[in-house]
Amino acid sequence: MNYVPGTASLIDDIDKKHLVLLRDGRTLIGYLRSIDQFANLVFHQTVERIHVGKKFGDIPRGIFIVRGENVVLLGEIDVEKPCDTLLQQVSIEEILEEQRLQQQAKQETEKVKMQVLKDRGLSIPKADNLDEY
């Protein structure tokens with residue numbers, strides 16, 4: 001196998017199932033259909049997988065275009081390997097509710113942490129919202 005620099009090395013991965021982790025924390029699973037020189041990706045039959053604790057849910061997204069700068073990790077999924085995960089698949093509604101509760105708990109923890117720091121005379125500047133994306 002010859003080394004191909006840049007995104008051209010992904011040519012062999014077209015039409016294979018991949019998992020991609022995005023900068024905003026989302027996880028997508030789908031078939032890679034197209035790439036370009038900027039590492040922009042086009043996925044087909046895409047699902048967004050949400051993990052909360054030991055549960056996960058898949059939300060169908062269809063055709064999904066990902067801008068290359070938002071990709072953190074891209075990996076091929078071996079569809080022939082049997083799935084031996086300890087995670088439990090749940091409905092979309094259930095996983096979205098679990099995610100909402102997890103986010104609320106995280107916000108409450110952050111609020112308490114900020115209050116403790118404020119009581120001690122310390123403050124942490126708020127992150128620029130643009131850095132989240």
Side-chain angles (χ1 to χ4, degrees):
M1 183 168 150
N2 295 331
Y3 173 74
V4 181
T7 58
S9 63
L10 292 174
I11 295 290
D12 293 336
D13 289 338
I14 289 182
D15 294 333
K16 293 181 182 174
K17 195 169 190 176
H18 284 75
L19 176 141
V20 63
L21 179 63
L22 302 180
R23 219 164 64 171
D24 64 2
R26 289 186 292 170
T27 302
L28 302 173
I29 298 173
Y31 290 92
L32 182 64
R33 295 299 185 203
S34 179
I35 57 170
D36 67 7
Q37 71 270 24
F38 303 109
N40 297 323
L41 308 170
V42 177
F43 287 96
H44 182 244
Q45 295 179 356
T46 308
V47 294
E48 180 179 351
R49 180 158 289 176
I50 298 174
H51 296 92
V52 178
K54 296 265 185 201
K55 298 178 182 177
F56 76 93
D58 290 339
I59 301 172
R61 298 293 188 197
I63 295 176
F64 209 93
I65 299 172
V66 178
R67 189 170 174 154
E69 67 182 20
N70 293 319
V71 175
V72 173
L73 178 110
L74 175 70
E76 184 181 344
I77 295 176
D78 188 356
V79 292
E80 295 177 7
K81 182 179 177 186
C83 182
D84 57 354
T85 182
L86 300 174
L87 300 177
Q88 173 191 6
Q89 185 168 6
V90 296
S91 70
I92 295 170
E93 294 80 18
E94 187 175 342
I95 198 66
L96 290 175
E97 180 63 21
E98 294 273 343
Q99 183 183 43
R100 188 184 64 76
L101 293 173
Q102 182 185 46
Q103 288 172 347
Q104 280 181 345
K106 187 176 179 181
Q107 287 175 350
E108 290 298 322
T109 303
E110 281 297 314
K111 234 186 251 186
V112 169
K113 199 184 299 184
M114 294 301 285
Q115 187 60 43
V116 168
L117 289 172
K118 186 177 178 184
D119 292 345
R120 294 181 182 177
L122 301 170
S123 66
I124 297 176
K126 293 190 178 202
D128 186 8
N129 290 340
L130 296 176
D131 288 346
E132 294 177 9
Y133 302 106

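Start at 1 with the first residue, then count along the sequence.
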Checklist entry - With a cut-off of 6.0 Å (strictly less than), are more than 12 heavy atoms of other residues, nucleotides or ligands near CZ of R100? => result yes

Checklist entry - Cluster question for you: counting only ILVMFWY and a side-chain heavy-atom cut-off of under 4.5 Å, with indirect links fine, are I29 and F64 together? => result no

Next on the checklist: Could you walk me through whether D24 and N70 satisfy the side chain to side chain contact (heavy atoms under 4.5 Å, CB included) test, starting with their C-alpha distance in whole Å, then the side-chain angles of each, then the deciding distance to 0.1 Å, before giving a yes or no?
Outcome noted: CA-CA 8 Å; D24 64 2; N70 293 319; over 6 Å; no

Next on the checklist: When you measure from the side chain of H18 to the backbone of K16, do you find a donor-acceptor pair of N or O atoms at a distance under 3.5 Å?
Outcome noted: yes

Item to check | Residue I65 excluded, over 12 heavy atoms near CD1 under 6.0 Å | outcome: no

Next on the checklist: Are the side chains of E110 and K113 in contact, using a 4.5 Å heavy-atom criterion?
Outcome noted: yes

Checklist entry - Say you draw a straight line from CZ of F43 to CD1 of I35; how long is it, rounded to the nearest 0.5 Å? => result 10.5 Å

Checklist entry - Hey, what do you get for CG (L28) to CG (L19), rounding to the nearest 0.5 Å? => result 8.0 Å

Next on the checklist: Please check if the number of heavy atoms outside I63 that lie under 6.0 Å from its CD1 is greater than 12.
Outcome noted: no

Checklist entry - Mind checking whether I59 and L96 have side chains closer than 4.5 Å, heavy atoms only? => result yes

Next on the checklist: Can you confirm whether V52 sits close enough to V90 that some side-chain heavy atom of one is under 4.5 Å from a side-chain heavy atom of the other?
Outcome noted: no

Checklist entry - Are L122 and V112 grouped together when hydrophobic residues (ILVMFWY) are joined by side-chain heavy atoms under 4.5 angstrom apart? => result no

Next on the checklist: With heavy-atom distances below 4.5 Å as the criterion, would you say the side chains of I95 and D58 are in contact?
Outcome noted: no

